[in-house]
Amino acid sequence: MTLLSSQLLLFSAAHRRTPLPCTILFRWNKPTTDGTVRFPRSPITPAVGLDQRVSRFVVPATAEDLLYNAGATVGVLGGAYALVRAFDELTRRNILHQGLSRKLVHILSGLLFLFSWPIFSNSPKARYFAAFVPLVNCLRLLMNGLSLASDEGLIKSLTREGDPEELLRGPLYYVLILTLCALVFWRESPIGVVSLAMMCGGDGVADIIGRKYGSMKIPYNQNKSWAGSISMLVFGFLVSIGILYYYSVLGHVQLDWASTVPRVAFISFVATIVESLPITKIVDDNISVPLVTMAVAFFILHG
Ligand SMILES: Nc1ccn([C@@H]2O[C@H](COP(=O)(O)OP(=O)(O)OP(=O)(O)O)[C@@H](O)[C@H]2O)c(=O)n1
Ligand SMILES: C/C(=C\CO)CCC[C@H](C)CCC[C@H](C)CCCC(C)C
């Protein structure tokens, strides 16, 4: 299929009357003012030439594309393993405190995962290759959390007290949310980006800043502080905008920044309020923050 014919297919699909199922929820690339719909392509990867939004028309992924995405998966998996090993080593050498190491892994894992998404091709199957990475880590956490395996480095760098069962809570919820965002939202909707930016960037920084500077506690939650919450709001918002800008430069999303920036600010505020609530004994932050962010972002950004 030539590039021209694939673009014509895209154009015809973009202007069909009944939107494709996969575009009903995430018609993020609405026609621009001149009526054209530019389907973004990632200049980084050997794109199949068709955007995933018209997957019904997509030519089945070529063996080359499958091989390319498999290679990207292996690379990102290696990055994930190296990240955890690196922080384990820093903890072993007492360069980093275990608690700080855990939080830095919390911040960096998700954000670097988001940064890795453009590495994958434009094939409709690319999101499944990307989602395989947190899924593998989910299995690692289950195996070690259930003591079916014992990766001391993993346990040391991902738990507060070194108790393997801790892996079955915060870290497990975390990788499940990463998987969900890759599969459901992927690069074409800002909802996944903002949700992970708040869970990984915002919540992670709130912990670090809050523990160090959080003397002024929030009236309704003595375990959380103004410093922690304000840092979550500011850092979560900035990371959201930064990654959305990164994706827009690569052509994955086309954003009207004049309306997107205030909306993301509002979403970040709501996520910060949720994180500050005294509900961690009922529901983990790694569930409440991203899920509420997804719900609010769905209505605010797509409403
Ligand atoms: N808005 C916030 C968030 C966190 N903190 C500080 O960071 C610590 C841990 O925050 P919390 O979000 O409860 O951490 P957990 O999510 O429970 O830790 P983890 O992510 O490691 O499971 C809190 O006790 C508090 O000292 C804060 O001051 N203000
Ligand atoms: C301690 C954590 C959460 C608790 O709040 C973080 C858990 C991290 C995971 C075990 C590792 C996740 C790795 C990512 C899926 C992929 C990262 C890839 C990137 C290129 C490093």
Side-chain angles (χ1 to χ4, degrees), residues 72-88 98-120 130-145 151 153-161 166-182 196 198-200 202-218 220-236 271-281 283-290:
T73 300
V74 170
V76 178
L77 270 173
Y81 183 80
L83 180 77
V84 173
R85 296 306 311 169
F87 278 92
D88 169 42
Q98 186 169 342
L100 178 58
S101 166
R102 182 174 185 275
K103 271 305 154 183
L104 290 175
V105 173
H106 174 107
I107 294 171
L108 292 174
S109 295
L111 299 189
L112 290 174
F113 185 50
L114 275 172
F115 271 101
S116 75
W117 286 4
I119 296 171
F120 296 86
F132 186 71
V133 176
L135 268 182
V136 166
N137 282 276
C138 177
L139 289 176
R140 279 182 80 193
L141 294 172
L142 285 170
M143 294 290 284
N144 284 273
D151 180 340
L154 185 80
I155 295 166
K156 196 171 172 58
S157 50
L158 300 186
T159 62
R160 293 193 205 87
E161 317 292 339
E166 271 191 59
L167 297 175
L168 303 177
R169 293 189 291 274
L172 182 62
Y173 305 146
Y174 180 96
V175 293
L176 288 174
I177 291 293
L178 290 182
T179 307
L180 177 72
C181 287
L196 294 186
M198 294 313 296
M199 178 182 79
C200 307
D203 185 25
V205 167
D207 185 311
I208 295 172
I209 301 295
R211 285 180 195 271
K212 193 169 176 65
Y213 304 106
S215 55
M216 289 177 65
K217 301 301 183 185
I218 290 176
Y220 53 82
N221 186 352
Q222 291 305 301
N223 293 322
K224 300 287 172 80
S225 66
W226 288 107
S229 292
I230 290 168
S231 57
M232 172 167 181
L233 174 62
V234 172
F235 195 76
T272 301
I273 295 295
V274 169
E275 192 276 341
S276 72
L277 298 175
I279 56 172
T280 43
K281 288 185 173 36
V283 58
D284 192 283
D285 286 356
N286 289 348
I287 295 175
S288 59
V289 168

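Every number for a ligand or one of its atoms is a count from 1 in the order of the listing.
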Lys103: salt bridge (Lys or Arg N to Asp or Glu O under 4.0 Å) partners, not counting sequence neighbours: Asp207

Any nitrogen or oxygen of His106, main chain or side chain, under 3.5 Å from a nitrogen or oxygen of ligand 2? yes

Under 4.5 Å between any side-chain heavy atoms of Val289 and Met232, yes or no? yes

With no hydrogens and no angle check, do the side chains of Ser276 and Tyr220 hold a donor and an acceptor under 3.5 Å apart? yes

Side chain, backbone, both or neither: Leu108 near ligand 2, heavy atoms under 4.0 Å: neither

Side chain, backbone, both or neither: Leu154 near ligand 2, heavy atoms under 4.0 Å: neither

For atom 12 (C) of ligand 2, which of the options Ser109, Ala86, Ala82 provides the nearest non-hydrogen atom? Ser109

Select all protein residues for which some heavy-atom-to-ligand 1 distance is less than 4.0 Å, and list them by chain and number. Arg102, Lys103, Arg160, Asp203, Ala206, Asp207, Gly210, Arg211, Asn223, Lys224, Ser225, Gly228, Ser229, Glu275, Asp285

Does Ser116 have a heavy atom less than 4.0 Å from any atom of ligand 2? no

Could you check atom 18 (C) of ligand 2 against the protein and tell me its nearest heavy-atom contact, residue, atom and distance included? Val76 CG1, 3.8 Å

Test item: Leu108 and Phe87 side chains (from C-beta on) under 4.5 Å apart, heavy atoms: yes

In the protein, which heavy atom is nearest to atom 7 (C) of ligand 2, and how far is it? Tyr174 CD2, 3.8 Å

Please check if the number of heavy atoms outside Phe132 that lie under 6.0 Å from its CZ is greater than 12. no

Out of Asp285, Leu114, Asn137, who is nearest to atom 11 (C) of ligand 2 when you count heavy atoms only? Asn137

